[in-house]
2 protein chains.
Amino acid sequence: MSSTARGVRARARIEVTAAIKDEARRQLAEEGAAKLSLRAVARELGMASSALYRYFPSRDELLTALIIDAYDSIGAAAEAARDAASGSDPARRWTLVCEAVRVWALAHPHEYALIYGSPVPGYTAPDDTVPAAARVGHVFIGIMRAAQGDACLDRPELPPGLRPEADRMTADLAPDLPPENVTALVAAWAELFGLIGFEVFGQFNRVVEDRKAFFRHAADRLARGVGLMPPQQGEGATPARRA
Amino acid sequence: MSSTARGVRARARIEVTAAIKDEARRQLAEEGAAKLSLRAVARELGMASSALYRYFPSRDELLTALIIDAYDSIGAAAEAARDAASGSDPARRWTLVCEAVRVWALAHPHEYALIYGSPVPGYTAPDDTVPAAARVGHVFIGIMRAAQGDACLDRPELPPGLRPEADRMTADLAPDLPPENVTALVAAWAELFGLIGFEVFGQFNRVVEDRKAFFRHAADRLARGVGLMPPQQGEGATPARRA
DNA sequence: CGAAAGCAAGAGCACTGCTCTCGTCTGTGT
DNA sequence: ACACAGACGAGAGCAGTGCTCTTGCTTTCG
């Protein structure tokens, strides 16, 4: 009764599905989402284009599957960077994860465009993508948690008018973190992808040359903005606040 | 002699060109860049699709024209906000310009996607778009200049390793400003569009609710990050609140 | 075993970007 | 004033697309 023993047919289905996605991803990486053609995928796979509709009901559904995979991929890259940097202090871990996300984006520009550029299919992201999209954000939340545990988490300012929204976001995202930090984190999350997007999409052409150094500095500043403090040499006292 | 008196034909040409762009912009706003169809534009204008190629050599060229117009439009919106806020202090002017850019983006999501989302035509922005794209950035540079004149421009930190790149960018963009501020400004510029893009593209769905207030706070923090200080006090020990 | 469901293939529809050709009209130089 | 080169619009046509429908074949399961 196990799903793999369910028969030759079920096994072939997931194999063909994977083959379609692989070929589609190949074409996506080569030419971009606009040029991705169902017929071309079918042609490359040696099957009739109509047969492909047994696996994906439409081109947009195929793209949605690729979007979810891309979210998974970039999320996995972030998690791998977090795990590889588990020995470092939170501020440094933040920067390393940011850099890993940037490297992934530069290595997969078209997939990056699919998920963080204009949402191509239809226009609105299906709900399936929401959990996959949350993976990267969750890595950052984990770093903040660790920083709070190590008492190296500063608390940014928060204008009184934003307090209700900050409390709401905090309850949804990380009830164990101070709302000031959660609010700053959400902003930094968007700002990070602004930095990466500008580089991937060429907005930094003729503006920023040493992009790696520039990004690293920007990521460091983001870390400070969300309250992550570099470790103090004097181990004893933990400064409570800093502006 | 003058280009307008050059004849009925030249006049008709620019009129038809404008009509094509208008109709294309209409379809772009309604359905997005992916659905923009040359034939549909021609159909709506009552002309043969082949005739349209007398005005734009390809669909991508049409899109490029729309991109340039969109850059101009968002640039004009930023400049208008700057001019309307000429009486305010630089920090407030910064925030008002940011909010104007955000409002423009929310009002023209597909055009925003065209210029700051994934670059659709081919993949690489033609050089024609570079000067148009610089308009928004120049508004921010002007605000920094004014702040420097009013002596309310703080100087952010800059790691030594980034000094050469900072000097290079400063020479290119604003030689009269401190490199520390120019570097922070370039980063804030990208981060601003990260914030706006996340909102326009739906990444804030089920995350941020009170987006206007959230954005205002984030824009204020960006202002501080680039060195713009609120006018009265120098130290940020108390939350600077202003209605 | 036989019915039911899954699957592949082909033909076909409506649409796209783009090219080529063929008349028509316009601006201009002699 | 006239003729000619160039701009223009329209139509046909090509290759390609997403997608549907029908027709046979194979696997699964009652």
Side-chain angles (χ1 to χ4, degrees), chain A residues 1-21 23-24 26-28 30-67 114 120-123 126, chain B residues 1-21 23-24 26-28 30-67 114 120-123 126:
Chain A
M1 271 312 220
S2 102
S3 69
T4 63
R6 205 24 179 185
V8 172
R9 205 144 224 184
R11 183 170 216 86
R13 172 164 253 277
I14 67 173
E15 262 177 28
V16 175
T17 304
I20 291 171
K21 284 208 291 188
E23 176 59 27
R26 238 209 58 228
Q27 295 192 11
L28 172 66
E30 263 187 14
E31 302 263 30
K35 308 265 184 181
L36 198 166
S37 150
L38 273 187
R39 292 180 110 113
V41 171
R43 207 178 302 135
E44 209 70 21
L45 262 54
M47 60 199 302
S49 65
S50 56
L52 217 144
Y53 285 82
R54 300 260 166 207
Y55 299 88
F56 295 93
S58 78
R59 197 193 100 118
D60 282 1
E61 293 281 335
L62 212 193
L63 268 182
T64 301
L66 294 185
I67 287 175
L114 210 56
V120 194
Y123 54 100
Chain B
M1 297 278 203
S2 104
S3 67
T4 63
R6 195 91 151 117
V8 172
R9 203 146 223 182
R11 184 171 217 85
R13 172 163 252 278
I14 67 174
E15 263 177 28
V16 174
T17 305
I20 292 172
K21 285 208 292 188
E23 175 59 28
R26 238 210 57 228
Q27 294 192 13
L28 171 66
E30 263 187 14
E31 302 263 29
K35 307 267 183 180
L36 198 167
S37 151
L38 273 187
R39 290 180 110 111
V41 170
R43 208 178 302 132
E44 209 69 22
L45 263 54
M47 59 200 301
S49 66
S50 56
L52 215 146
Y53 284 83
R54 302 264 172 207
Y55 299 88
F56 295 94
S58 79
R59 197 193 101 116
D60 281 1
E61 293 282 336
L62 212 195
L63 270 181
T64 301
L66 293 184
I67 288 175
L114 210 56
V120 193
Y123 53 100

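Just so you know, these numbers use all the heavy atoms, side chains as well, and skip hydrogens, waters and symmetry mates.
Between the side chain of R39(A) and the base of dG16(D) there is no donor-acceptor pair of N/O atoms closer than 3.5 Å. Judged by distance alone with a 3.5 Å cut-off, a donor-acceptor contact links the side chain of R9(A) to the base of dT26(D).
Residue-level contact check: S37(B) touches the backbone only, with heavy atoms under 4.0 Å from sugar-phosphate atoms and none from bases. When heavy atoms are screened at a 4.0 angstrom cut-off, L36(B) is found touching the sugar-phosphate backbone but no base atom. F56(B) comes within 4.0 angstrom of no nucleic acid atom, judged by non-hydrogen atoms across all strands.
With distances taken from any side-chain atom of R13(B) to the nucleotides dC20(C), dC8(D), dA8(C), the minimum falls on dC8(D). Checking dA9(C), dG18(D), dA10(D) against the side-chain heavy atoms of S50(A) singles out dA9(C) as nearest. In the set dT17(D), dG9(D), dC19(D), dC19(D) carries the atom at the smallest distance from any side-chain atom of S49(A). Considering only side-chain atoms of A51(A), the nucleotide from dC19(D), dA8(C), dT17(D) that sits closest is dA8(C).
Taking for each of R43(B) and R54(A) the nucleotide of DNA chain C with the nearest heavy atom, the 5'-most of the two is the partner of R54(A).
Looking only at distances, a side-chain donor or acceptor of R59(A) sits under 3.5 Å from a matching main-chain atom of L36(A).
Here Y55(A) does not reach the OP1 or OP2 of dC7(C): none of its side-chain N or O atoms lies under 4.0 Å away. Using a 4.0 Å cut-off, no side-chain N or O of R11(B) falls inside it from OP1 or OP2 of dG27(C).
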